[in-house]
There are 2 protein chains.
Amino acid sequence: MVTIADVARHAGVAASTVSYVLSGKRTISTDTRERVQRSVHALGYRPNASARALASQRSNVLALVIPLRTGMHVPVMMQFATAVVTTARRFDHDVLLLTADEGPDGLERVAQSSLVDALVVMDVELHDERVPVLRELPMPSVLIGYPDDADGLTCIDLDFVAAGAHCVDHLADLGHRSLALLGTPSAVYERQTGFAQRTLTGFVEAAERRGVLGVETPCEHTFDAILHTVEQLLSDHPDITGLVVQNEPIIGPLLDVLRRLGRRVPEDMSLVAICADDVAERQVPQLSSVSIPAERIGDQAVESLITKLEGGDVPGLTLVPPTLTARGSTCPHVDLTTA
Amino acid sequence: MVTIADVARHAGVAASTVSYVLSGKRTISTDTRERVQRSVHALGYRPNASARALASQRSNVLALVIPLRTGMHVPVMMQFATAVVTTARRFDHDVLLLTADEGPDGLERVAQSSLVDALVVMDVELHDERVPVLRELPMPSVLIGYPDDADGLTCIDLDFVAAGAHCVDHLADLGHRSLALLGTPSAVYERQTGFAQRTLTGFVEAAERRGVLGVETPCEHTFDAILHTVEQLLSDHPDITGLVVQNEPIIGPLLDVLRRLGRRVPEDMSLVAICADDVAERQVPQLSSVSIPAERIGDQAVESLITKLEGGDVPGLTLVPPTLTARGSTCPHVDLTTA
DNA sequence: GTGAAAGCGCTAACAT
DNA sequence: ATGTTAGCGCTTTCAC
């Protein structure tokens, strides 16, 4: 292994000079700088990460805590993780992957041991036991999603309230008067994950504001559950012509179910999904949807973290505005009673 | 920050004694050990990771290199990553996440700087430019998938040749005489990713061995492409009654296409998929499938790596045997010409 | 503009 | 069974 001392010797300078050439924290004469750079190249020198971290009190590593439960929003999570890594690299940082099942202790472990300089925590629940830990940690963190009490934290999330409302507005604009939200499995609501709750809030409020019927039901992932849920829904509320779906894995089967029940999309039933764009585009017909801008959120999270590491200020809560893309699964409602 | 010196002072011993209590590399009297452990607890001591790494020449971090292109086998990759992290933690290691777009340089960077002790590289192609780099790196690595020239490397993969053959055997056993393999998009074959090629090999060889027709076609992900591909296939080979699908995202739409073409599954067309179990189980009918044991492969990869780190020997190539689960999408072929 | 030297917090010989 | 000490390779004062 080639060390900084080897480079210094090769270039005929002191080790500290090599260090300063590399960090740029001191003005160096063009002559020495080039000589050092040549030596660095010639010897193939790579600074030792641990030595650097030990001396500088900075590991240049960020922790990314991802939920372990699979099946939730897997493709979105991947996009997100990819964005975090890519952006971290832009700022010369690496990413340590933690699964949420290590719990609060895991955060403490990597933080207290100075393995990482800062943390990105995904899938934050309304009453998340990691939140108090994060507050006490001697390093910055950014949460994706936000807890009930977000005081003193930095949180970034899609504005799910607005997302729910957008779906209602889109359908109401098209003349639909009776809408239903087909949500995540009830376990997700019970876990009090913020996003499901907040979408529901936006949906209900917007329905009220627009004066349309807005009913809501959770939905499990099995085909039978979907079939039963939809049948029940349509028998309880036969007037429903607009469906909002926030439950990525059921989207495919749901289209089957509607077909099987004799409801054409969009002629008999308009459908808006809250899901990744590529999922929406893969369906037949392509779905009108509010997409999850995972990449944008990931970028934002890392940028905020870097800002905080450099002593800068960032907003406590950043809500990324949702955008709705109209595709083939929604169309104007034809009111048969007045037509 | 509380250091090992603080703990030593608190317990009235030398710093090295604290170190040895923590590592267990020396026999310590019960008395001192307990005293030290109490001090560790009392002060909330956490060894500094960089200092430890610098002194011991071991970071206790593994690199996990995941493909950046999304949409391929995202859920499988997630399972895999999760398994790697979980198993790494069992061996007291952490996982640094790298995206494949850093290329060979990325591997060199984290290895040469001693950021990591070893690497797991996913999605290895037949002629992978990272392979020569890995060979020269001063640390162990494990590849998921395997390149053309696997000499001196440690590779783990599902036995895709056997997977392709299993599908043929299953269908041939049910009396089907004309089979087709609906493969990945042609770009995947062109990239020379091993798994697609090898499945094809197993499929073709088994078809020959069993004396049945075995044709093959790549398939893109759009609905129109699927429709067109299947129509073409059935018009070229009207006798086909058995389909093997290795292309996870098209599975849902494919069932639609068959329905639209008036082929019932399994009565008119038996279908075997090579995909994750949960995907197979979510379809209607549930699909007979060869699953990708991502968790098992991830475990295996980390275990091999740890063995190598400890100086142990591991096989150059580990092929995980595939298992076929028969579900509702395959049934015996009724030969109308002889019946 | 550059060098010398003192740590950063830990591990692992080398002592006893 | 435990203590002493010399690094690990780098950053960053302090000194000139």
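Per chain, numbering begins at 1; letters A, B, ... match sequence-line order.
- If you measure from atom CG of B/L54 to atom P of C/dC8, you get 13 Å, rounded to the nearest angstrom.
- With contacts defined as side-chain heavy-atom distances shorter than 4.5 Å, the pair A/L98/A/R109 qualifies.
- Side-chain atoms of B/S19 never come within 3.5 Å of backbone atoms of B/A15 as a donor-acceptor pair (strictly under, hydrogens ignored).
- Look at A/D31 and A/R35 and you find a salt bridge, because one of the NZ, NE, NH1 or NH2 atoms lies within 4.0 Å of a carboxylate O, short of that distance.
- With hydrogens and angles ignored, a donor-acceptor pair under 3.5 angstrom links the side chain of A/S16 to the base of C/dA4.
- B/T17 places no side-chain N or O within 3.5 Å of a backbone atom of B/V13 that could act as its donor or acceptor partner.
- Atom-to-atom, OH of A/Y45 to C1' of D/dG9 comes out at 7 Å; the value is rounded to the nearest Å.
- The terminal axes of the helix from C/dG1-D/dC16 to C/dT16-D/dA1, fitted over 5 pairs per end, subtend an angle of 40° to the nearest 10°.
- Within the structure, every side-chain polar atom (N or O) of A/T17 is placed at least 4.0 Å from both OP1 and OP2 of C/dG1.
- Using a 4.5 Å cut-off on side-chain heavy atoms (C-beta onward), A/R58 and A/S114 make no contact.
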| query | Yes or no on side chain to side chain donor-acceptor pair (under 3.5 Å) for A/T32 and A/S29, after CA distance, side-chain angles and deciding distance? | reply | CA-CA 6 Å; A/T32 12; A/S29 72; 2.3 Å; yes
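- Summary of the strand contacts: B/T30 and A/S23 both lie near DNA chain D, and taking for each the nucleotide with the nearest heavy atom, the more 5' one is attributed to B/T30.
- A salt bridge does not link B/D299 with B/R296: every distance from a Lys NZ or Arg NE/NH1/NH2 to an Asp or Glu carboxylate oxygen is 4.0 Å or more.
- Checking B/T32 against A/S56, the closest nucleotide of DNA chain D that is more toward the 5' end is the one next to B/T32.
- Residue contacts for A/S19: at a heavy-atom cut-off of 4.0 Å it reaches a base atom on one of the strands shown.
- Between A/T27 and C/dG1 there is a side-chain N or O to OP1 or OP2 distance below 4.0 Å.
- Taking 4.5 Å as the limit, every side-chain heavy atom of A/N48 sits out of range of all side-chain heavy atoms of A/T3.
- One can place CG of B/N60 at 15 Å from P of C/dC10, the figure rounded to the nearest angstrom.
- You'll find that the side chain of A/A55 is closest to D/dG9, out of C/dC10, D/dG9, D/dT4.
- The residues A/R130 and A/E102 are annotated as not salt-bridged, no charged nitrogen and carboxylate oxygen being separated by less than 4.0 angstrom.
- Using a 4.0 Å cut-off between charged nitrogen and carboxylate oxygen, B/D117 and B/K308 do not count as a salt-bridge pair.
- When rounded to the nearest whole Å, the span between CG of A/N48 and P of C/dC8 equals 18 Å.
- Dashed line: the shortest gap from a side-chain N or O of A/K25 to OP1 or OP2 of D/dT11 is not under 4.0 Å.
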Using nucleotides 14-16 of chain D, report all nitrogen or oxygen pairs with the protein that are shorter than 3.5 Å.
unit_1	atom_1	unit_2	atom_2	d
D/dC14	N4	A/R26	NH2	3.1

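- Candidate nucleotides D/dC8, D/dC10, C/dG3 were compared by shortest atom distance to the side chain of A/A14, and C/dG3 ranks first.
- Out of C/dG1, D/dC8, C/dC10, the shortest distance to the side chain of A/S29 is found at C/dG1.
- B/L143 pairs in a side-chain contact (heavy atoms from CB on, under 4.5 Å) with only one of the listed residues (B/I156, B/L119, B/D123, B/L134), which is B/L134.
- Contacts between residues 106-119 of chain A and DNA chain D, counted as heavy-atom distances below 4.0 Å, involve no residue at all.
- Here the P atom of nucleotide C/dA12 and the CD atom of B/Q57 are 9 Å apart, to the nearest Å.
- Using a 4.0 Å cut-off between charged nitrogen and carboxylate oxygen, B/D159 and B/R198 do not count as a salt-bridge pair.
- Among the nucleotides C/dT11, D/dG9, C/dT2, the one closest to any side-chain atom of B/R52 is C/dT11.
- Across all strands shown, B/S50 has no heavy atoms under 4.0 Å from either base or sugar-phosphate atoms.
- Inter-residue side-chain proximity for A/V65 and A/T99 is flagged as unmet; no heavy-atom pair is nearer than 4.5 Å.
- Atom pair A/E34:CD and C/dT2:P shows a separation of 12 Å (rounding to whole Å applied).
- Note: CD1 (A/I4) to C1' (C/dA4) measures 14 Å, nearest angstrom.
- One interatomic measurement links the two molecules: CZ of A/R58 to C1' of D/dG9, which rounds to 19 Å at whole-angstrom precision.
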